[in-house]
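The structure appears below as structure tokens.
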Amino acid sequence: MLYSEKVMDHFRNPRNLGKMEDADGVGEVGNAKCGDIMKIYIKVENDIITDVSFNTFGCGSAIASSSMATEMIKGKPISEALELTNRAVAEALDGLPAHKMHCSVLAEEAVRAAVKDYYDRNGIPYHAKDFCDHNCAQCGE
Amino acid sequence: MRIYADNAATTKMSKAVIDIMAECMGETYGNPSSLHSSGQRAAEVLAGARESVALVLGAEPKEIIFTSGGSEADNQAIRSAASWGKKVGKRHLISTAFEHHAVLHTLRKLEGEGFEVTLLPVHEDGIVRVEDVRAALREDTALVSVMFANNEIGTVQPIKEIGALCRENGVIFHTDAVQAAGHLQIDVKEMNIDMLSLSAHKFHGPKGVGALYVRKGVPLFSFIEGGAQERGRRAGTENVPGIVGMAGALELAAANLEEKGTYERTLRDALIEGLSKIPHSRLNGDREKRLPGNVNFCFEGIEGESLLLLLDARGIEASSGSACTSGSLDPSHVLLAIGLPHEVAHGSLRLTLSSENTMEEVEYMAEEIAGAVEYLRGISPVWEELEKGERRHVIQ
């Protein structure tokens, strides 16, 4: 089997799926040309991510990675969400095939992009270099 | 319910072929090169299989050599033509942009060895134009290789016409008929074919065995050194049970070609009609000039691998040309060759039917695919942008 049972579970029963109309921050990464776009929505109260959801265009592991990432940051302080690594997402999914690790990178980047958007909307200062540039690094675009 | 709709990848072996092979493995275990009775019995069986394959293709038995499959046959055909070309000072090879990788990667290697390769366009309908072949021909062209029918979009090429053109110009003409053999009428003489590759497992035969037809007088070089099997053109003890199974499968396919073809076309057309109802979808490849069992669609706003996984969970086994299923970052070279943008090519689905499929299955598939596409669009940010008009629809 290409994917672990955990990946298949998160693919078939994605957690926190759907658009959030009143999000405090929205992060979108990837591009359609590469075949993956992830969009993560967050709701923030007192620096805590109280709610999170996602929409994803992509393969099975992209959908599963988005689902797992939302589970991992839900209810957590922003500082912890920013520490989420792609490796942690992949490990939580009991691993991803080597050529799919890219999907977990997108999940990490989508979370960071959502936090950045939240900071931007609320005029919260941050170091620009701490955030990715929303581009899918592997595509070189 | 399990519906197998990936017959271009491989087919289920027919019971009759399994029986033929089992008997061969049990009884005809001799080495065809041995002089004793067991060996000679195997040699006779082998000769019979060669005659059967030759008969179906309209060839002479001596013009058939057995290989390990379609890829080996393609490699040997192209490398042989190139070796001949090198000897006579012809270093130009012509093929098409949407060939199988067994052809394309061999050509790429030859490019590295000093050959010049021209890959012809296949146009939006996935059909090579004879005029394009004519325009590409040069004094130093050694080979033209055009597949009989494409493995992804199923389009059938004007083989007879391209063959005639090559014959007039003294250029070797090879066709990769892996998807066509056992599914379409083939007559190598009438179609002016110099070399043709086929693979047994694409027509309900066993895996690991194929054949290369080489017209008498066309030079063929051996690439596996060893014994004198296949008249010195392919060393190695013959895969007798596999070859016998292939011959049996090909005979069966040829005997039922018309009947099966008509039935598969009925299923195919019903499936195309059903899937066409999905908004912003399109059929890839010419509507008429396609293999009897091939359906290939693109659905905008979704990605093919996730569609395959959803369909598998609903009992439907298909394939896709999305990057995620190819193990690379680019979607299928075939879909790009017919001009599809990357983002649309990612959302492709190939369903390849056989005569074992039923109309009930086709109806179930059309319904389930529509549901799966709708679900994936519902969670796709790309679809959201398309619907809002922030991104332009490529498929109307």
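These values consider heavy atoms only, across backbone and side chains, with no hydrogens, waters or symmetry-generated copies. Every chain is numbered from 1 and lettered A, B, ... according to where its sequence line falls, protein lines coming before strand lines.
- Residue-environment remark: CD (A/E80) exceeds the threshold of 12 foreign heavy atoms within 6.0 Å.
- Contact check for B/L309 versus A/I63: no side-chain heavy atoms found under the 4.5 Å cut-off.
- Other residues, nucleotides and ligands place more than 12 heavy atoms under 6.0 Å from the CD atom of B/Q396.
- Between B/E385 and A/K39 there is no salt bridge, since no side-chain nitrogen of the basic residue lies less than 4.0 Å from a carboxylate oxygen of the acidic one.
- Heavy atoms closer than 4.5 Å to chain B are found in the side chain of A/L17, but not in its backbone.
- A donor-acceptor pair is defined here as one N or O able to donate and one able to accept, closer than 3.5 Å; no such pair exists between the side chain of B/E343 and the backbone of A/K33.
- A 6.0 Å sphere centred on CZ of A/R121 holds more than 12 heavy atoms belonging to other residues, nucleotides or ligands.
- More than 12 heavy atoms of other residues, nucleotides or ligands shown are found within 6.0 angstrom of CD on B/E390.
- Taking 4.5 Å as the limit, some side-chain heavy atom of A/L2 sits within range of a side-chain heavy atom of B/E305.
- Once rounded to the nearest 0.5 Å, the distance linking CZ of A/F57 with CD1 of B/I302 reads 8.5 Å.
- More than 12 heavy atoms of other residues, nucleotides or ligands lie within 6.0 Å of CD in B/E387, so this atom counts as buried by the packing criterion.
- You'll find the side chain of B/W383 stays beyond 4.5 Å of the side chain of A/N55, heavy atoms only.
- The backbone N or O of A/G58 sits less than 3.5 Å from a side-chain atom of B/S306, completing a donor-acceptor pair.
- Taking all atoms of both residues into account, the shortest heavy-atom contact from A/C59 to B/E303 is CA-OE1, 3.0 Å.
- Heavy-atom neighbours of B/E367 CD from other residues, nucleotides or ligands within 6.0 Å: at or below the threshold of 12.
- The part of B/R391 that comes within reach of chain A is its side chain, from C-beta onward, which places non-hydrogen atoms under 4.5 angstrom from that chain.
- In this structure, chain A has no heavy atom under 4.5 Å from any part of B/L307.
- No part of A/P97 comes within reach of chain B, as not one of its non-hydrogen atoms sits under 4.5 angstrom from that chain.
- The structure places OG of A/S53 at 12.0 Å from CD1 of B/I379, a figure rounded to the nearest 0.5 Å.
- With a 6.0 Å radius and a threshold of 12 heavy atoms from other residues, nucleotides or ligands, B/R392 has its CZ atom at or below the threshold.
- Listed for the B/H342 side chain is no donor-acceptor partner under 3.5 Å among the backbone atoms of A/C34.
- More than 12 heavy-atom neighbours from other residues, nucleotides or ligands sit within 6.0 angstrom of CG on A/N122.
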